[in-house]
Amino acid sequence: MMKPDLDLFRSGTAMPVQSVVLAHRNPDGDALGSSLAWAQYLRARGQSVTVILPSEFPQHMSWMPGAKDILIFDNFPDEGREAISLAEQIYALDFNSWERVDPLQHQLLESSATKYLVDHHLDPEPYFDAYYSDSSACSTAELIYRLIEDMDQLDKMDRVMAENLYVGMLTDTGSFRYTISAEVFRVASGLLAKGVDPGYIQNKVFNTQSRKHLELLGHCLANRMRIFPELGTGVIYLNLDDHRKFKIQRGDTEGIVNYILSLNKINLAALITQQNKQYIKLSLRSKGDFSVQKLASQHFNGGGHKNASGGRSDLSLEDTMKKIVELAHTHKSEILNSF
Ligand code: 5GP
Ligand code: MN
């Protein structure tokens, strides 16, 4: 862990100022859960807080406590700009580069507000005034809990805050399967002690999918999966027609890439989705030592974590597929021996 700027967080959070809490584009359960919980904490300390997300969150997360008050910048850009211009403090959560909050990045960089980062991604950018950053944490939600604990403020955490944090931990660990440590279970246990009902949250998050979602999964596995056993690699791709046919929205493809890794001796998995003519999004996952964070940052303008990263490609779907297979060839022995 980078040495945390605890004193700055302690003094900053004790000021009754206007602040903005901000997470990344295409927000997931961790972006949402950590932002909502942190906003609630700041309000309990007397701050006036606006939570801003650059783009919509998945519909099935709208039950989360406080989700309805989030300002979606894509839908309300003027209100978003105004909140940022009035903010004296900006808390960036669950992302490490301003590029992840496009199109707000210029205004954020120019803002004179004090900027705080709480995040668990590798290689945070050096544009923040205070850091609480640890890439060994399973989620930003875990870090929010630890930060509040480090500031001796756990008594301010109620059940609702704990529920939001639990969602972040649950989703970023894929139901406590990935990036597990003793610390993860210690923090999760602290959240349960605050009154979280794990069965209730599990149901809300994972058992509320639509029939379309299951059909899309079936289509991916039956018709869109390519496995390269000699490279320890698997790829699923979705083209423009698939997007139209299944009316794919953000969140609908969440988790699909992980199915590839359930295959024996497959250590690298990619999901390539062509969302529109110009934009191809990649989700990369690995088992063991092979770092998809390096692959994403060096070849796909992206990043994330060693075993879970994302990025984008300017090539066609077909050429993106070829590029992944070529990269798998180049790194064949590392991939095969990764796990
Ligand atoms: P996912 O594949 O689920 O979209 O993302 C996996 C991880 O990679 C997440 O931690 C996410 O924040 C990160 N990530 C996804 N897309 C990008 C990207 O375009 N740039 C960067 N820097 N990180 C990304
Ligand atoms: Mn996260």
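Numbering of residues begins at 1 and proceeds along the displayed sequence. Order of appearance sets the numbers: ligands from 1, and atoms from 1 within every ligand.
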Whether Asp252 side chain and Ile248 backbone form a donor-acceptor pair below 3.5 Å: no
Can you tell me if Asp172 has an N, O or S atom under 2.8 Å away from the Mn ion (ligand 2)? yes
Lys156 side-chain N/O to Arg45 backbone N/O, donor-acceptor pair under 3.5 Å: no
Classify the ring geometry between Tyr91 and Trp38 as parallel (under 30°), tilted (30 to 60°) or perpendicular (over 60°). perpendicular
Determine whether a donor-acceptor pair (N or O, by modelled atom type, separation under 3.5 Å) exists between the side chain of Arg100 and the backbone of Ser97. no
Any protein N/O atoms within less than 3.5 Å of an N/O atom in ligand 1? List the atom names and distances, or say none.
| residue | atom | partner | partner atom | Å |
| --- | --- | --- | --- | --- |
| ligand 1 | 2 (O) | Ser283 | OG | 2.6 |
| ligand 1 | 2 (O) | Arg285 | NH1 | 3.1 |
| ligand 1 | 2 (O) | Arg285 | NH2 | 3.3 |
| ligand 1 | 3 (O) | Arg285 | NH2 | 2.9 |
| ligand 1 | 4 (O) | Lys281 | NZ | 3.2 |
| ligand 1 | 8 (O) | Gly303 | O | 3.4 |
| ligand 1 | 8 (O) | Gly310 | N | 3.2 |
| ligand 1 | 10 (O) | His121 | NE2 | 2.8 |
| ligand 1 | 10 (O) | His305 | NE2 | 3.0 |
| ligand 1 | 12 (O) | Arg100 | NH2 | 2.7 |
| ligand 1 | 12 (O) | His121 | NE2 | 3.0 |
| ligand 1 | 16 (N) | Arg100 | NH1 | 3.4 |
| ligand 1 | 16 (N) | Lys281 | NZ | 3.4 |
| ligand 1 | 22 (N) | Gly303 | N | 3.3 |
| ligand 1 | 23 (N) | Gly303 | O | 3.1 |

Taking Arg81 for its side chain and Gln107 for its backbone only, find out whether a donor-acceptor pair lies under 3.5 Å. no
Is the distance from the Mn ion (ligand 2) to some N, O or S atom of His121 under 2.8 Å? no
Do Thr233 side-chain atoms and Leu231 backbone N/O form a donor-acceptor pair below 3.5 Å? yes
Can you find a side-chain donor-acceptor pair between Thr140 and Ser34 that sits under 3.5 Å? no
Closest Asp94 atom to the Mn ion (ligand 2) [N, O or S only]: OD1
How is the N/O/S atom of Asp30 that comes nearest to the Mn ion (ligand 2) named? OD2
